[in-house]
Amino acid sequence: MAMPLRQTIKIATYLAEQKLRKRDKFPLIVELEPLFACNLACEGCGKIQHPAGVLKQRMPVAQAVGAVLESGAPMVSIAGGEPLMHPQIDEIVRQLVAKRKYVFLCTNAMLLRKKIEKFTPSPYFAFAVHIDGLRERHDESVAKEGVFDEAVAAIKEAKRRGFRVTTNSTFFNTDTPQTIIEVLNYLNDDLKVDEMMISPAYAYEKAPDQEHFLGVEQTRELFKKSFAGGNRARWRLNHSPLFLDFLEGKADFPCTAWAIPNYSLFGWQRPCYLMSDGYVPTYRELIEETDWDKYGRGKDPRCANCMAHCGYEPTAVLATMGSLKESLRAARETIGGNR
């Protein structure tokens with residue numbers, strides 16, 4: 001795990017505070033979507049399926065920042081759509097960083113080199129570039145040629161300017177251990193990104209392509225083989241050790257979707273950004289008026305094949321904090337990743 005030591009300490013302190021206050025539900029990171037519009041039409045994403053009137057909307061800065069502050073989360077993942085299409089995205093980032101929130105701006109990087117002058121390097125800020133494979137595979141997944149090369153050029157430029165750069169890779173049932181190994185080796189060893197996040201593809205209900213999502217057993221087998229031979233320890237993966245155990249079937253957890261709430265143009269989405277059972281205007285309503293016990297594998301059929309980080313990484317983090325053995329294990333990997 002390659003999370004910066006400063007960030008690790010802040011999250012650990014935050015979790016300890018929640019325990020002292022006897023809060024049983026609290027956010028680790030807010031998924032903030034200040035727009036749904038995008039400059040790509042990826043088959044595995046359904047955001048641009050919204051009506052044209054919705055795609056033209058942009059969330060005001062005060063509303064975006066206010067939602068994060070309302071939740072109290074220490075981290076923010078700004079997604080969309082493509083957040084770099086928001087004309088005030090730099091101001092949203094600036095205000096959140098000023099509040100010492102850890103901000104990850106998720107982007108396909110098509111606009112990154114054009115917009116990079118608007119941003120300032122900070123230990124509280126990182127670009128999170130979506131990379132789903134090497135050139136041919138990535139361009140196929142986003143349905144446009146040249147996107148991989150532009151993303152690579154943008155990553156190099158951002159790192160040259162002193163920005164922290166992470167990546168986010170989603171894998172489908174068309175992937176093999178070898179394709180996963182190839183892209184993660186490239187990101188880790190050649191591009192030398194600061195950290196990488198990985199996720200099995202999830203059955204996002206609005207996605208045009210519904211045929212290539214992974215099942216639970218497929219996911220476990222895929223990651224077990226990908227992690228073999230010391231790869232898991234060598235790669236700078238931005239995940240807790242227990243979540244990686246979960247991906248390869250060494251551990252199982254219930255879903256804690258409440259820990260990564262989603263806030264978009266429609267409000268707070270329940271139960272998570274992968275499913276839409278309505279929206280509420282306040283974070284309190286989301287937490288107090290959602291029947292969280294009815295979601296998760298074995299409870300809701302829509303959750304049957306989900307092993308996405310938004311539901312299960314928080315469970316792994318909480319399990320780590322509740323175990324001295326796992327806390328020490330995570331600490332060793334964090335220190336090792338920061339050498």
- Once the angle between the rings of Phe266 and Tyr279 is folded into 0 to 90°, is it parallel (under 30°), tilted (30 to 60°) or perpendicular (over 60°)?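 Ring orientation of Phe266 relative to Tyr279: perpendicular.
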- Message: Can you classify the ring geometry of Phe163 versus Phe125 as parallel (below 30°), tilted (30 to 60°) or perpendicular (above 60°)?
- Response: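 Ring orientation, 0 to 90° scale: perpendicular.
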Looking at [Y] and [X], is there a salt bridge between them, counting it only when a charged N and a carboxylate O are closer than 4.0 Å?
X: Asp149; Y: Arg135; answer: yes
X: Asp277; Y: Arg270; answer: no
X: Glu221; Y: Lys224; answer: no
X: Arg23; Y: Glu17; answer: no

[X] atom [atom1], neighbour heavy-atom count above 12 within 6.0 Å:
X: Arg234; atom1: CZ; value: yes
X: Arg161; atom1: CZ; value: yes
X: Glu288; atom1: CD; value: yes
X: Lys156; atom1: NZ; value: no
X: Glu145; atom1: CD; value: no
X: Lys159; atom1: NZ; value: yes

- Query: Between the side chains of Thr320 and Ser240, is a donor N or O closer than 3.5 angstrom to an acceptor N or O?
  - Reply: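 Note: Thr320 and Ser240 side chains miss the donor-acceptor criterion.
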- Do Asn108 and Glu82 have a side chain donor and acceptor closer than 3.5 Å?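 Judged by distance alone, the side chains do pair up.
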- Task: Determine yes or no for a side-chain-to-main-chain donor-acceptor pair under 3.5 angstrom, with Glu70 supplying the side chain and Tyr283 the backbone.
- Result: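 Yes.
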- Query: Atom CD1 in Ile180, atom CZ in Phe171: separation rounded to 0.5 Å?
  - Reply: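 Answer rounded to 0.5 Å: 5.0 Å.
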- Task: Give a yes or no on whether Met196 and Val129 share a hydrophobic cluster (residues Ile, Leu, Val, Met, Phe, Trp, Tyr; joining criterion: side-chain heavy atoms under 4.5 Å apart).
- Result: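 Yes, Met196 and Val129 fall within the same hydrophobic cluster.
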- Message: Checking Lys19 against Asp24 for the salt bridge (charged side-chain N to carboxylate O under 4.0 Å, His left out) test, could you report, in this order, the C-alpha distance in whole Å, the side-chain angles of both residues, the deciding distance, and whether it holds?
- Response: CA-CA 8 Å; Lys19 186 174 182 178; Asp24 61 348; over 6 Å; no
- Between Phe119 and Phe127, ring centroids under 6.0 Å: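 Aromatic pair counts; centres sit under 6.0 Å.
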- Query: Does the ring centre of Tyr312 sit less than 6.0 Å away from the ring centre of Phe253?
  - Reply: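 No, they do not, as the ring centres are separated by 6.0 Å or more.
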- Minimum heavy-atom distance between Leu237 and Arg232, given as atom pair plus value: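 Scanning both residues, the minimum pair turns out to be CD1-O, 4.3 Å.
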